[in-house]
There are 2 protein chains.
Amino acid sequence: MSPAQPAPSPRPSVESPSLRATLSRAQAESTASLLRVVSDPTRLQILSLIRSSPEGASRVADLTRELGLRQPTVSHHLKVMAEAGVLTRRPAGREVWYGIEPARLDAIGDLLR
Amino acid sequence: MSPAQPAPSPRPSVESPSLRATLSRAQAESTASLLRVVSDPTRLQILSLIRSSPEGASRVADLTRELGLRQPTVSHHLKVMAEAGVLTRRPAGREVWYGIEPARLDAIGDLLR
DNA sequence: TCGTTACTTCGATCGTCATCAATATAGACG
DNA sequence: CGTCTATATTGATGACGATCGAAGTAACGA
């Protein structure tokens with residue numbers, strides 16, 4: 001078990017400027033790219049499926065079956081979200097378990113405040 | 001004054017399913033399309049500019065000048081955000097003032113919880 | 001070592017969308 | 001009515017990205 005992850009890798013840095021400050025173009029672009037990571041129906045379904053899974057994490061094959069998409073497609077989405085810090089990645093033998101990083105998800109939602 | 005708008009038109013309906021519930025494909029798509037509305041750097045800048053404006057609203061020409069983009073481009077973004085309920089639209093003579101609908105913006109951020 | 005299973009990477013395709021120029025609408029003012 | 005100004009609409013283009021099939025990598029078991 002050991003639910004403590006070994007650190008979610010070098011994070012892409014949130015900054016979390018929010019809309020209150022005057023947004024520079026660079027800030028606006030970085031905020032937009034972070035929002036775009038979760039602005040896809042398949043990715044939202046992945047997050048929802050992982051969240052509702054009993055283990056709090058899912059394997060690639062699980063998600064592939066539940067989504068009805070090809071496995072490379074699912075791996076692609078998982079990679080993008082893991083790189084954005086939204087998902088954690090934990091290899092176990094041949095399998096890889098993906099879990100949610102709730103703080104990161106909340107931070108993205110807070111970008112609109 | 002009378003800051004009460006005459007109702008922001010037939011709203012696209014939020015639903016706000018959040019990630020806690022198991023997301024159907026249709027729910028995931030509607031949530032994603034709402035998130036996509038604000039997942040653009042120019043739109044985030046528009047929101048930030050309006051928010052930081054003294055009147056709490058901006059005219060198309062104001063935003064066009066501040067963004068350094070063509071007027072039809074700005075009008076396009078304003079239309080999309082207004083249709084999504086994120087902006088209010090108030091014509092005044094030849095001019096049109098666009099303001100923020102904060103509750104709607106918060107609701108979008110809450111979709112990730 | 002061989003085959004099988006689980007996942008990742010690569011390359012191509014197709015649709016969506018941000019932006020533009022051109023044009024249309026519409027209010028203000030003479 | 002004409003003219004100027006402010007905004008909206010239309011149509012075209014270029015870029016990005018979701019998805020797929022094919023091929024690569026890696027772990028487990030016989």
Side-chain angles (χ1 to χ4, degrees), chain A residues 9 23 25-26 28-47 49-50 53 55 57-84 86-99, chain B residues 9 23 25-26 28-47 49-50 53 55 57-84 86-99:
Chain A
S9 321
L23 236 47
R25 183 66 191 184
E29 280 170 358
S30 115
T31 299
S33 69
L34 203 45
L35 282 168
R36 236 178 300 116
V37 169
V38 292
S39 297
D40 176 89
T42 296
R43 295 194 191 148
L44 292 173
Q45 281 192 289
I46 288 174
L47 292 172
L49 287 168
I50 294 179
S53 72
E55 299 88 354
S58 298
R59 288 164 295 188
V60 182
D62 298 334
L63 297 167
T64 298
R65 170 172 28 79
E66 292 169 310
L67 290 169
L69 292 175
R70 296 300 170 172
Q71 186 266 321
T73 301
V74 176
S75 272
H76 166 66
H77 287 301
L78 294 171
K79 179 182 189 181
V80 171
M81 287 196 282
E83 283 176 349
V86 172
L87 292 183
T88 60
R89 193 187 121 101
R90 185 172 63 82
R94 294 185 275 200
E95 307 173 338
V96 178
W97 290 84
Y98 285 91
Chain B
S9 321
L23 236 45
R25 183 67 190 182
E29 280 171 357
S30 116
T31 299
S33 69
L34 203 46
L35 281 169
R36 235 180 301 116
V37 169
V38 292
S39 297
D40 176 90
T42 297
R43 295 194 191 148
L44 292 174
Q45 281 191 289
I46 288 175
L47 292 172
L49 286 168
I50 294 178
S53 73
E55 299 88 354
S58 299
R59 290 162 293 188
V60 181
D62 298 334
L63 297 168
T64 298
R65 171 172 29 80
E66 294 170 310
L67 290 169
L69 292 176
R70 298 297 171 174
Q71 178 266 315
T73 301
V74 176
S75 274
H76 166 66
H77 288 301
L78 293 171
K79 180 183 188 179
V80 171
M81 287 195 282
E83 285 177 348
V86 172
L87 293 181
T88 60
R89 193 187 119 101
R90 185 172 63 81
R94 295 183 272 202
E95 307 173 339
V96 179
W97 291 84
Y98 285 90

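The basis for the numbers below is simple: all heavy atoms, side chains too, and nothing from hydrogens, waters or symmetry mates.
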OP1, OP2 of [N] versus side-chain N and O of [X]: anything below 4.0 Å?
X: B:His77; N: C:dT19; result: yes
X: B:His76; N: C:dA18; result: yes
X: A:Thr73; N: D:dA18; result: no

Whether B:Thr31 side chain and B:Ala28 backbone form a donor-acceptor pair below 3.5 Å: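 Between the backbone of B:Ala28 and the side chain of B:Thr31 there is no qualifying donor-acceptor contact (under 3.5 Å).
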Protein-to-nucleotide contact annotation, 5' to 3' order, nucleotides 1-8 of chain D [B base; S sugar-phosphate only; - none; under 4.0 Å, heavy atom]: ---BBSBB
By side chain to side chain contact (heavy atoms under 4.5 Å, CB included) - contacts of A:Ala32 (at least two apart): A:Arg36, B:Pro41, B:Leu44
Sequence-distant partners of B:Leu49, side chain to side chain contact (heavy atoms under 4.5 Å, CB included), two or more places apart: B:Leu63, B:Glu66, B:Leu67
Please enumerate all residues that pass side-chain hydrogen bond (donor to acceptor under 3.5 Å, both in side chains) together with [X], with sequence neighbours excluded.
X: A:Ser53; value: none
X: B:Arg43; value: B:His77
X: B:Thr64; value: none

Salt bridge (Lys or Arg N to Asp or Glu O under 4.0 Å) involving B:Asp62 - partner list, sequence neighbours excluded: B:Arg59, B:Arg65
Contacts of B:Arg25 that satisfy salt bridge (Lys or Arg N to Asp or Glu O under 4.0 Å) - sequence neighbours left out: B:Glu29
Distance in angstrom units between [X] [atom1] and [N] [atom2], rounded:
X: A:Leu67; N: D:dA18; atom1: CG; atom2: C1'; value: 13 Å
X: A:Arg65; N: C:dC7; atom1: CZ; atom2: C1'; value: 15 Å
X: A:Leu69; N: D:dG21; atom1: CG; atom2: C1'; value: 14 Å
X: A:Met81; N: D:dG17; atom1: CE; atom2: C1'; value: 15 Å
X: B:Arg36; N: D:dC16; atom1: CZ; atom2: P; value: 18 Å

Using the 3.5 Å cut-off, write out each protein N or O paired with an N or O of nucleotides 12-15 of chain C and the distance between them.
none

Nearest 0.5 Å, what's the [atom1]-[atom2] distance between [X] and [Y]?
X: A:Glu83; Y: A:Arg89; atom1: CD; atom2: CZ; value: 10.5 Å
X: A:His76; Y: A:Met81; atom1: NE2; atom2: CE; value: 10.0 Å
X: A:Thr42; Y: A:Leu78; atom1: OG1; atom2: CG; value: 11.0 Å

Stretch residues 38-45 of chain A: residues that reach within less than 4.0 Å of DNA chain D through a heavy atom: A:Asp40, A:Thr42, A:Arg43
